[in-house]
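For clarity, every value in this text was computed on a predicted model and none was experimentally measured. Order of the sequence lines sets the chain letters (A, B, ...), proteins ahead of strands, with each chain counted from 1.
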Amino acid sequence: MTQADINLIENDFKPTIIVFACNWCSYAGADLAGVSRIQYPSNVRIVRVMCSGRVDPAFILKAFLKGADGVIVAGCHPGDCHYLEGNLKAEERINNTIKALKVLGWEASRLRLEWISASEGKRFAQVMAEFTQQIKNLGPIKIGINQR
Amino acid sequence: MIKSDTIPTKVEISSNTTLSIIRDCFQCGLCTSICPLRKVSKYNPRGIIHSSLLGHSLGNDDLTTCLTCSQCFEECPQEIDFPAFIRESRSKIVLNEENFAHNNIFNLLQIFMAEMTESGMKFSFEGEINSESSIAYFPGCVDLFDQFLNLKTVKFHQIGQSAMNLINKVGIKPNLLSLKCCGHDAYWTGDTELFEKIRKYNEQIIRKAGISTLLVSCAECYYTFEELYKLEGIKIQHISQFIDQHQSKLEFKENLTKVTYHDPCRLGRFMKEYESSRNVLKNTGASLIELANNRKNAICCGVSSWLRCDDQSRAIMLRKLEEATQAVGNDGNLVVGCNKCYAHLNCVLEDKKPQHEYQLKVKELGIFVDELSNKNN
Ligand code: SF4
Ligand code: SF4
Ligand code: FES
């Protein structure tokens, strides 16, 4: 029995959440949440990327295929991107990915884009808590549902 | 195969299934001399067969570069099905995703459809639909192309919309089937297990719909449903065959359009369907001028199964545009009967990488015919 199964039986589903956080804003925001000792759900796994524009839709699909229950891409607020327009690229890509997930008939709300700046430690924690709750309501992701 | 972590990355001493395909090769080298890749690189199918016969292992590049266009198989005096050999070998190793087009997003989407979604793709088109109809239409992955290819002048959704318009114009209200991707790429990247999952789901939906004809726009869908699904009692029709069959119900505007036609490998060499598209094009009143290499000698569009889109692919695409420009000039049209050819050729046309001056238009058959035909007769 895996940990995931045990969690389910205990009716205490702990979703795995992958956060792609940009180095210059959102990662620093997460850091601030940490040093300020603000509590946020421990099932959040942060992947640091240099810019939210680095996140290719393929990374997101792979995260889901490997068992992530939710994915957040977090970057600097528009206008603040360290590389000027990386976050606008990210916005376009994530929106397209969400549209594609809808075409596939899948719960697109498992994917979200957020702007979190380096000073918004508190907001980082809030977003994570709220998203975790949302994913909990959706339940665990299902992989391998179509049998051969 | 793309996803597993446990399979080796090199095909060791070819297994019996792969060897039996190439055993009769007498090393004449015709395949290499005809291969479109050979004209732009050092790719050498004869050499690959030779080293396999000697028991050497094959690497990723050998297996992912081949376009499986089947031009070599068409000419081989010994009838060696080299594409089948490549497919069979691919199924024995993990392909290295690094060089794949668009970070492999399209193959990932296919895996996603097989593993994660309970339904098929959701479509919405304008036009009249009848869910009781005995003829159903399936546009293919067009709406996914739109999200990840981001071409400015091309909307892939239009492929489905034009087909719907045409079907309505000839007085038929089709059923619109919500299938998953046909699985062509899963099959040709060697992932038989994934393909089977998709096939099983789709077959069940097709059977449930109670149809007798399944109409598709994409040459790959046509080949896959017809050859790999083997759906007894269900006729698979490519859009070109459908229009050809209902020619008499369409009326065309007067036009002076010049057009040439690219035979997609899956429709032409694989399914031996060369004439329907040509009949359809001639009937529109446009003047049809053949490419220098046509029918069974048509040259591949340059990319297959989203495996690689590199300098070689682009060189092949440019040659295609050159060939077409020689036929119809800069104000002509190059019509294709495959969603993928349409994507690749338009991409290089629009992207201008590498720099080029070609200005002709690349159009999908359904879109082309829909534009030229009158609203309603
Ligand atoms: S054309 Fe056929 S027989 Fe000749 S080298 Fe190629 S595979 Fe062998
Ligand atoms: S299938 Fe096409 S690309 Fe592959 S070796 Fe044969 S001719 Fe060349
Ligand atoms: S550096 Fe933060 S989004 Fe580009």
Heavy-atom contact with chain B under 4.5 Å, split by part of A:Glu92:
side chain
Could you check whether A:Lys142 pairs with B:Glu118 (Lys NZ or Arg NE/NH1/NH2 to Asp/Glu carboxylate O, under 4.0 Å)?
yes
Just so I understand: if I count every heavy-atom pair under 4.5 Å between each of B:Thr117, B:Leu109, B:Asn150 and chain A, which residue has the most?
B:Thr117
Can you measure from CG (B:Leu144) to CG (A:Leu101) and round to the nearest 0.5 angstrom?
9.5 Å
A:Gln134 CD: over 12 foreign heavy atoms closer than 6.0 Å:
yes
With only heavy atoms counted, which part of B:Phe112 is less than 4.5 Å from chain A, the side chain, the backbone, both or neither?
both
Of all the heavy-atom pairs spanning B:Met116 and A:Phe64, show the shortest one and how long it is.
CE-O, 3.4 Å
Go through the steps to decide whether A:Val103 and B:Lys122 satisfy the test side-chain contact (heavy atoms from CB on, under 4.5 Å), and finish with yes or no.
CA-CA 5 Å; A:Val103 171; B:Lys122 309 264 181 267; 5.6 Å; no
Does CZ belonging to A:Arg123 count more than 12 external heavy atoms closer than 6.0 Å?
yes
Tell me whether B:Asp351 at atom CG has more than 12 heavy atoms from other residues, nucleotides or ligands lying less than 6.0 Å away.
yes
Would you say the side chain of B:Glu97 lies within less than 4.5 Å of the side chain of A:Lys62, judging by non-hydrogen atoms?
yes
If you count every heavy atom of other residues, nucleotides or ligands that lies below 6.0 Å from B:Glu98 atom CD, does the total exceed 12?
no
CG (A:Leu61) and CD (B:Gln110) are apart, to the nearest 0.5 Å, by 12.5 Å
Could you tell me which non-hydrogen atom of A:Ala58 sits nearest to which non-hydrogen atom of B:Asn103, and how far apart they are?
CB-O, 3.4 Å
Under 4.5 Å from a heavy atom of chain A, the part of B:Phe148 involved:
side chain
For the student: nearest non-hydrogen atoms of A:Asn96 and B:Gln147, plus distance:
ND2-O, 3.2 Å
Honestly, the part of B:Asp146 sitting under 4.5 Å from a heavy atom of chain A is neither
